[in-house]
Amino acid sequence: VEVNAIRVFGLGLYILDMGDVDIRKGVFYADMQVFLLEYYNTFKDRDTALREAMHENNRTCKDVEHGEKFQYIQNSSAADLVQILDFINAVAKPTPEVIFAQGDHGVFDHLRIRTTWRFSPKIEAYPFQDQDLPLLMEIAGQSVTREPTALLCALETFSGFAHNLSSLAVPADVAAEPVYTSTFKIAERANWPPLEGAFEPPYRFPHNSHVARQPSRTSSRMHWVVTLHRPHLIGALELAPALFVASSALLSYLLPVSEFRSRLTACTTSLLAAVVQHSSIRSRVPERSAVTIADLVMLVVYTLIFGALLSAVFIAAIVNHRRYGVHAERVNLTLRVVGMASPLLFLVFPLGGARSLPAWIATFISLAASSVALLRVVNPASQSLATHKLAFAEDGSDYRVIAQPEVSSWTALDVSRWVEGLVLEDMTRVDAIRYADLFFAQRVDGNVLQRMKQEMVKGLGIPLGHSMKIFDAITELLAMDTSNVKDTPHEQAQGLQAGHSEVQFDKRAGQADRCEGQVSSDSRDEFGSKSFPSQSSVHIELVGRRS
């Protein structure tokens, strides 16, 4: 059917209230007045209507303020208009409240619409993303025509926001960024069936562009879009709990090595708290949604917490290890520096976004460079109060100088290291390491060592012959009288530069040269590497055989 009479309607939206925006469900509430004025004349074609009744560049109505061309609708036309006005994205078809001009029930003034509307949430940048809340309305064409029988234009003087929105209390004297802004677009498009094109089953969505059938019936539709502006501070506050959780895990790096259990507790608690916080964030977005900025921030938070947890587990594994426990302090210091620099992973967002591989590469390079720089600033040397070693050369022989406390103050680690260093007849290096592990497994410290008997040594699982030799070495160690010292012929050894050094050698065939003595003042080796505590017991061990 050919269209020979096109009506033009001016449409204005005056928003009284808007709120209850639910991103997860994709709905919001709006209360508004819909004003409809009709052009006094009809047009034979669309082009003429656009030229005569409205501004073509922005589809606003012409000459509205004079009330001559766009007029109020009267009599039965108002009831008919309510029937053909379609609210496209309303959750349920609303029942408009028809308001007539005061004192004249024959003149239509406006419709009052209070209902819930659907929208498509934008969540890629959640929680820092604005939301577009559309209000879609149209006057559909007749089913027997392909061209629209009615065109819409915007009534600027009837559109806008009320001075106060009941769901949004903003003091009038406070100058702030706008919460809502609105734009509109009016266009005629083919929105309704029948569909054109060959049918290729099955129906599907999204459509394949090369086989999708297009609607053929055109209508004039207004897209009135209200944008809800979300302050970035609100988004940051949503992520703040997760960042605080990550901070508590990072603070665990500052705990000493001995508090590895507290570190494990802090990291596991932080991990559980991060999971709960992430679940709370995901509960606010649609179930089947894209990865959001919040998800990527939580990914970095998980990385920080998991790194702290792995560090705590690693420290717990080596702190009581007989051979590697001595390095626990240095390893802990290295992990602490790297851990405190790990928040640099958040640089991935300003460097190009968490979806960019080059941004991740640049972030890890920055983290590595920062960690190396911090390690150079922080002294990586780990000094043990129980054992302190130096080495120097004299006449082609290597001497090892050990400053150690009295035997009674030895730890189980000190005892096991002493057993490992024994050089006894018919006992290999492998045997010494195995026996040292047995001593450490039973936590034999200095006090226990002083009370041990030969049967106890054998009871550790050591063969009889070796157990007797080890017991003899224990007896010899305990029998040493460090207060009865004599001048050593090697007092001139450059490794001991003290105000007063007294060393006594004990030579045995087939063994390294040993001596015990007192160092009355701080001593340094010729290389200036480290110093001994004053009045410490000194053990000098000649590792190489003298020629």
Side-chain angles (χ1 to χ4, degrees), residues 236-278 280 294 296-351 354 360 362-389 405 409 411-414 530-531 533:
L237 290 177
E238 281 197 35
L239 297 177
L243 299 180
F244 285 128
V245 168
S247 300
S248 64
L250 294 178
L251 290 176
S252 67
Y253 284 107
L254 301 179
L255 294 176
V257 173
S258 59
E259 297 294 332
F260 62 88
R261 291 183 179 85
S262 300
R263 294 177 63 172
L264 288 173
T265 302
C267 293
T268 52
T269 304
S270 298
L271 184 59
L272 293 175
V275 171
V276 172
Q277 178 63 21
H278 193 191
S280 175
L296 298 175
V297 170
M298 290 304 303
L299 177 62
V300 177
V301 169
Y302 286 140
T303 303
L304 299 181
I305 296 175
F306 195 64
L309 181 60
L310 286 180
S311 300
V313 171
F314 186 69
I315 290 298
I318 69 171
V319 68
N320 286 326
H321 195 278
R322 186 186 61 79
R323 300 192 65 185
Y324 304 116
V326 68
H327 304 295
E329 288 289 350
R330 176 171 294 185
V331 172
N332 183 58
L333 179 61
T334 303
L335 293 176
R336 178 181 298 169
V337 171
V338 176
M340 299 308 291
S342 59
L344 290 175
L345 290 176
F346 285 107
L347 287 176
V348 70
F349 296 101
L351 288 179
W360 281 106
T363 301
F364 279 110
I365 291 175
S366 302
L367 175 59
S370 302
S371 300
V372 171
L374 287 174
L375 283 172
R376 288 183 177 179
V377 172
V378 179
N379 182 13
S382 176
Q383 280 211 317
S384 172
L385 296 178
T387 307
H388 187 38
K389 289 187 177 182
S409 62
T411 64
L413 180 62
D414 297 329
K530 302 178 180 68
S531 61

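What's counted below: heavy atoms across the whole structure, side chains too, no hydrogens, waters or symmetry copies. Residues: numbered from 1 along the sequence shown.
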Where [X] and [Y] come nearest, the two heavy atoms and their spacing:
X	Y	result
S270	I305	O-CD1, 3.6 Å
A242	V301	O-CG1, 3.8 Å
V275	Y302	CA-OH, 3.6 Å
A274	M298	O-CE, 3.4 Å
L239	A294	CD2-CB, 3.9 Å
T269	T265	OG1-O, 2.7 Å

### Query
Has the side chain of Y253 got a donor or acceptor atom that lies under 3.5 Å from a matching backbone atom of L335?
no
### Query
Is a donor on one side and an acceptor on the other found under 3.5 Å between the side chain of S311 and the backbone of G307?
yes
Looking at [atom1] of [X] and [atom2] of [Y], how far apart are the two atoms once the value is rounded to the nearest 0.5 Å?
X	Y	atom1	atom2	answer
D414	T411	CG	OG1	3.5 Å
S252	L309	OG	CG	9.0 Å
I365	L344	CD1	CG	13.0 Å

### Message
Around atom CZ of F346, are there more than 12 heavy atoms from other residues, nucleotides or ligands closer than 6.0 Å?
### Response
yes
### With L254 via side chain to side chain contact (heavy atoms under 4.5 Å, CB included) - residues at least two apart
L251, R336, M340
### Task
Carefully, step by step, assess V245 and Q277 under the rule side chain to side chain contact (heavy atoms under 4.5 Å, CB included).
CA-CA 9 Å; V245 168; Q277 178 63 21; 5.7 Å; no
